[in-house]
Amino acid sequence: MMRQQDLQRLHDAVRDVPDFPQPGIVFKDITPILADPALFRFALDALGEIARDLRPGKIVGIDARGFIFGAALADRLACGFIPMRKKGKLPYHTRSCVYELEYGEAELEVHLDAIGAGDRILLVDDLLATGGTAGAALQLIGQAGAELAGALFLIELAFLDGRRNLHPHHTCSLLTF
Ligand code: AMP
């Protein structure tokens with residue numbers, strides 16, 4: 001009962017910013033959630049419950065808002081945290097994956113020694129849109145010989161059907177728009 005109300009408050013706190021970063025995109029701004037300690041804690045509690053059931057050994061967070069949730073969850077679950085970053089940000093040797101954006105392409109990188117064969121990985125990001133980013137992350141995890149325990153998002157834009165890129169892996173989001 002309480003939980004449904006909290007989920008609704010979380011949902012209502014997401015701010016729509018039209019035409020950012022480019023015309024036609026409605027940006028889902030999560031900073032009002034981060035700024036409210038009760039809401040942020042509720043989001044972490046709810047994501048943490050799902051994450052724990054997936055029994056990950058390591059959490060991969062995606063640059064940049066995936067770091068906020070991924071790192072906090074890694075602390076709660078006593079998992080290692082691995083940053084997956086946009087091209088050129090990681091200092092050591094990397095493996096990388098180029099993927100399609102709505103306009104043009106982007107590249108995601110992870111340190112070569114960060115993910116090991118047989119690791120059980122939980123992928124975390126703030127938002128699943130087209131799933132291009134998550135699909136690239138899944139490729140990098142696969143190239144390292146690791147297993148995806150699941151993918152977890154605060155928000156899913158269901159009309160873009162991004163979860164098709166994660167099929168058949170367990171994909172979960174707290175809020176659906
Ligand atoms: P995609 O690869 O299309 O699934 O896009 C996912 C990535 O882009 C995530 O890291 C999101 O943070 C960001 N993103 C895409 N669309 C939006 C949106 N409408 N609002 C906020 N972030 C977005």
Side-chain angles (χ1 to χ4, degrees), residues 7 9-36 39-40 43-44 46-48 50-51 54 56 58-74 81-90 94-111 114-115 121-143 148-177:
L7 269 178
R9 285 183 57 223
L10 205 60
H11 188 279
D12 294 346
V14 177
R15 172 166 56 195
D16 280 359
V17 183
D19 299 320
F20 183 88
Q22 55 200 29
I25 303 285
V26 179
F27 193 87
K28 296 290 184 191
D29 178 15
I30 59 160
T31 59
I33 292 174
L34 303 178
D36 181 324
L39 278 184
F40 189 32
L44 290 172
L47 290 168
I50 300 165
L54 295 170
K58 291 177 179 173
I59 291 181
V60 165
I62 298 184
D63 197 348
R65 289 176 297 278
F67 295 170
I68 299 168
F69 295 95
L73 291 174
F81 176 76
I82 301 166
M84 212 169 252
R85 300 214 61 180
K86 287 162 189 159
K87 186 182 169 63
K89 299 285 188 183
L90 287 170
T94 58
R95 63 175 88 245
S96 70
C97 181
V98 176
Y99 63 100
E100 299 290 318
L101 291 177
E102 277 154 303
Y103 298 96
E105 54 182 33
E107 199 166 339
L108 209 55
E109 294 185 329
V110 68
H111 273 155
I115 305 175
I121 304 287
L122 174 67
L123 182 64
V124 174
D125 202 359
D126 68 321
L127 185 142
L128 178 66
T130 65
T133 309
L138 177 58
Q139 276 197 44
L140 289 175
I141 291 164
Q143 279 169 23
L148 189 71
L152 189 52
F153 304 89
L154 179 68
I155 298 170
E156 176 175 1
L157 303 183
F159 57 95
L160 293 172
D161 193 26
R163 59 170 60 225
R164 77 188 178 284
N165 285 316
L166 289 160
H167 184 80
H169 300 283
H170 187 90
T171 303
C172 203
S173 54
L174 276 193
L175 306 174
T176 305
F177 289 86

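Counting convention: from 1, in listed order, for ligands and their atoms alike.
The nearest heavy-atom contact from the protein to atom 3 (O) of ligand 1 is Thr130 OG1, 2.5 Å. Atom 7 (C) of ligand 1 has as its closest protein heavy atom Thr133 OG1, 3.8 Å. Closest protein heavy atom to atom 9 (C) of ligand 1: Asp125 OD2, 3.3 Å. Scanning all protein heavy atoms for the shortest distance to atom 20 (N) of ligand 1 gives Lys28 N, 2.9 Å. Scanning the protein for heavy atoms near atom 11 (C) of ligand 1, the closest one is Asp126 OD1, 3.6 Å. Nearest protein heavy-atom neighbour of atom 13 (C) of ligand 1: Arg65 NH2, 3.8 Å.
Geometrically, ligand 1 and Tyr99 share no nitrogen or oxygen pair separated by less than 3.5 Å. Residue contacts with ligand 1: Ala129 is placed with a nitrogen or oxygen under 3.5 Å of a nitrogen or oxygen of the ligand (distance criterion only). Where the criterion is an N or O separation shorter than 3.5 Å, residue side chain and backbone included, Gly131 meets it with respect to ligand 1. Residue-to-ligand polar distances keep Leu127 apart from ligand 1: every N/O pair is separated by 3.5 Å or more.
Close contacts of ligand 1 with Val26, meaning ligand atoms under 4.0 Å from a residue heavy atom, involve 18 (C), 19 (N). Within ligand 1, the atoms closer than 4.0 Å to a non-hydrogen atom of Leu157 are 19 (N), numbered from 1 in the order shown.
Ring orientation note: the planes of Phe177 and His11 are close to parallel, at an angle under 30° on the 30°/60° scale.
Contact annotation: the side chain of Ile50 approaches that of Leu174 to within less than 4.5 Å [non-hydrogen atoms, C-beta and beyond]. Residues Asp63 and Glu109 fail the side-chain proximity criterion, which asks for heavy atoms closer than 4.5 Å. By the 4.5 Å heavy-atom criterion applied to side chains, Val14 and Leu154 are not counted as neighbours. When side chains are defined from C-beta on, Ile115 does not count as touching Arg95, because their heavy atoms never get closer than 4.5 Å.
Residue Ile121 holds its CD1 atom at 11.0 Å from CG of Leu140, rounded to the nearest 0.5 Å. To the nearest 0.5 Å, the span separating CZ on Phe81 from CZ on Phe67 amounts to 5.5 Å.
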Tell me which donor-acceptor pairs under 3.5 Å the side chains of residues 122-130 have, and how far apart each pair is, sequence neighbours excluded?
| from | atom 1 | to | atom 2 | distance (Å) |
| --- | --- | --- | --- | --- |
| Asp125 | OD1 | Gly66 | N | 3.3 |
| Asp126 | OD2 | Arg65 | NE | 2.7 |
| Thr130 | OG1 | Gly132 | N | 3.3 |

